[in-house]
2 protein chains.
Amino acid sequence: MAGVREARKQQTREQIAATALRLFADRGFEAVSVAEVARTAGVTEKTVFNHFATKEDLVYSGDQRFETALVDAIDARPPGTPVAGAVGAFLLDRYAGFGDDPRRRARQAVLARLVTGSPALQARERQLLARYAATLREHIARELGVDDDEDDLRPQVIAEALIAAHGTVIGAFRRATLSGAPPEQYAPRVLAAAREAFGLLAGLP
Amino acid sequence: MAGVREARKQQTREQIAATALRLFADRGFEAVSVAEVARTAGVTEKTVFNHFATKEDLVYSGDQRFETALVDAIDARPPGTPVAGAVGAFLLDRYAGFGDDPRRRARQAVLARLVTGSPALQARERQLLARYAATLREHIARELGVDDDEDDLRPQVIAEALIAAHGTVIGAFRRATLSGAPPEQYAPRVLAAAREAFGLLAGLP
DNA sequence: TCTCTTGTTTACAGTGACTGTAACGAACGG
DNA sequence: CCGTTCGTTACAGTCACTGTAAACAAGAGA
């Protein structure tokens, strides 16, 4: 099971994703066709779609991690802590570490430019956020002792409000990143704004 | 300017939209191609795209009305009332009138089936909600005396939370509609849930 | 080592949403 | 009555994405 085959496959996948991100960064998401990504990566177009269901997935190939981290944070919260509070703390902690790693920060900058320039990627992002919210809802429903799929909308509203705040903060960081200002300057400001934003929702759970 | 031309154009547009909705209702959104809509409506595919930018727009052709109603409700609120409260009241009032008109209710049922069955339409709906939220944000920012485009994220978070609650309620009505139960039965329950949901956000502005 | 199976990639053909352009014809304005 | 405007058509093309069968290399078993 320690396969040469699996390794090759993974390698192909990463090769494709890396090529795609480079091309997109150079010329924009819409201006590069999947065919060109495939050609540049040295594979067939079909192979690209065997690895990535949509063109947008080429950009959001590492999204699974965030959701698992979020769920882990919820499951690891000290007993008695409300889910909403744990989520807020988790997110704020994550923002605080924004751009510690320069490589990561560079990647964020590229992503910021891509997403702000592409409606398709924005749609994809909304879809991701909606998925996070759905996951969150289940956890909150459990905590509140609400039978999910019942007529109580509070879990979903709380979940969506938290995720909306998250999306808003992400957007703020993006705008700040694109402004060209040095991160040391804007990071504290945005972080303070994020704290304030989540403070609004503190009374929720 | 009282044109025969404009009338014809409008007629063509409505003819296309009606045909499309009928076909979609019969066989599902994805199963009907734009080419077929055009053929059935007696026009060219290009004409369809001259009137509707995307296939999804064929379903959401009457969306503008909601946004203007929302804005009107905000502008018409009694002085001193917070925007968030006015919006909540406006939405709750709207839900209360849900399905008064049988024709409207039938249309809602069709839409419910279409949207729950089509990821593309769900994406479109998220986009619409995001636009509403953006509009709301501007109004809330003005009320709070916040320079929009500044580092204060509260207006956007409040706006998105309200719109998220709206989306949640819509979804609840959809699920109830699709359950096949009579509206007299589920409407009060969902309405109560909606009140509770907006009650959560009452402390916001 | 030989062989049979399994899984990844390719070649190829096709669908469907959407765009651009030039031409046609009917309503408009004078 | 005539030139212009504008909605529609005909046509050709791009691009994301799918299905299928064949090529080929890796894994498992004898």
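In what follows, chains are A, B, ... by sequence order, proteins preceding strands, each numbered from 1. Here the structure is a predicted model, which is why all the values come from computation and not from measurement.
Under 3.5 Å, the side chain of B:R5 and the base of D:dT5 form at least one donor-acceptor pair of N or O atoms. At a cut-off of 3.5 angstrom, counting only N and O atoms as typed in the model, there is no donor on one side facing an acceptor on the other between the side-chain of B:K46 and the base of D:dG7.
Listed nucleotides C:dG16, C:dT9, D:dT9 differ in distance to B:S33; the shortest reach to its side chain belongs to C:dG16.
Taking atom CZ of B:F49 as the reference point, atom P of C:dG16 lies 12 Å away to the nearest angstrom. In this structure, the NZ atom of A:K55 is 9 Å from the P atom of D:dC15, given to the nearest Å. Note: CD (B:E36) to P (C:dA17) measures 10 Å, nearest angstrom. Distance CG (B:N50) to P (C:dG20): 11 Å, rounded to an integer number of Å. Between the CD atom of B:E45 and the C1' atom of D:dT8 there is a distance of 14 Å, rounded to whole Å. Distance A:R39 CZ to C:dA11 P: 13 Å, rounded to the nearest Å. Between the CD atom of B:E6 and the P atom of D:dG7 there is a distance of 8 Å, given to the nearest Å. Remark: P of D:dT8 and CD1 of B:I16 are 7 Å apart, rounded to the nearest angstrom.
The side chain of B:T44 places no N or O atom within less than 4.0 Å of a non-bridging phosphate oxygen (OP1 or OP2) of D:dT8. In this model, the phosphate group of C:dT8 is not approached by any side-chain N or O of A:H51 to a distance below 4.0 Å at OP1 or OP2. Phosphate proximity of C:dT8 to A:T12: absent, as no side-chain N or O sits under 4.0 Å from OP1 or OP2.
Contacts between residues 116-123 of chain A and DNA chain C, counted as heavy-atom distances below 4.0 Å, involve no residue at all.
At least one side-chain heavy atom of B:L178 sits under 4.5 Å from a side-chain heavy atom of B:R113. Taking the side chain as every heavy atom from C-beta outward, A:I163 and B:E160 never approach each other to under 4.5 Å.
The heavy-atom pair separating A:F173 from A:A187 by the smallest distance is CE2-CA, 4.5 Å. Between B:A38 and B:V48, the shortest heavy-atom contact is CB-CG2, 3.7 Å. When all heavy atoms of B:A159 and B:L136 are compared, the pair lying nearest together is CB-CB, 3.8 Å. Minimum heavy-atom separation, A:I140 to A:P155: CG2-CA, 3.9 Å.
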Return a table of donor-acceptor pairs under 3.5 angstrom between the side chains of residues 82-111 of chain A and protein atoms on other chains or two or more places apart.
| from | atom 1 | to | atom 2 | distance (Å) |
| --- | --- | --- | --- | --- |
| A:Y95 | OH | A:H166 | ND1 | 2.6 |
| A:D101 | OD1 | A:R103 | N | 3.0 |
| A:R105 | NH1 | A:G99 | O | 3.3 |

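Using a 4.0 Å heavy-atom distance criterion, A:V37 is classed as making no nucleic acid contact.
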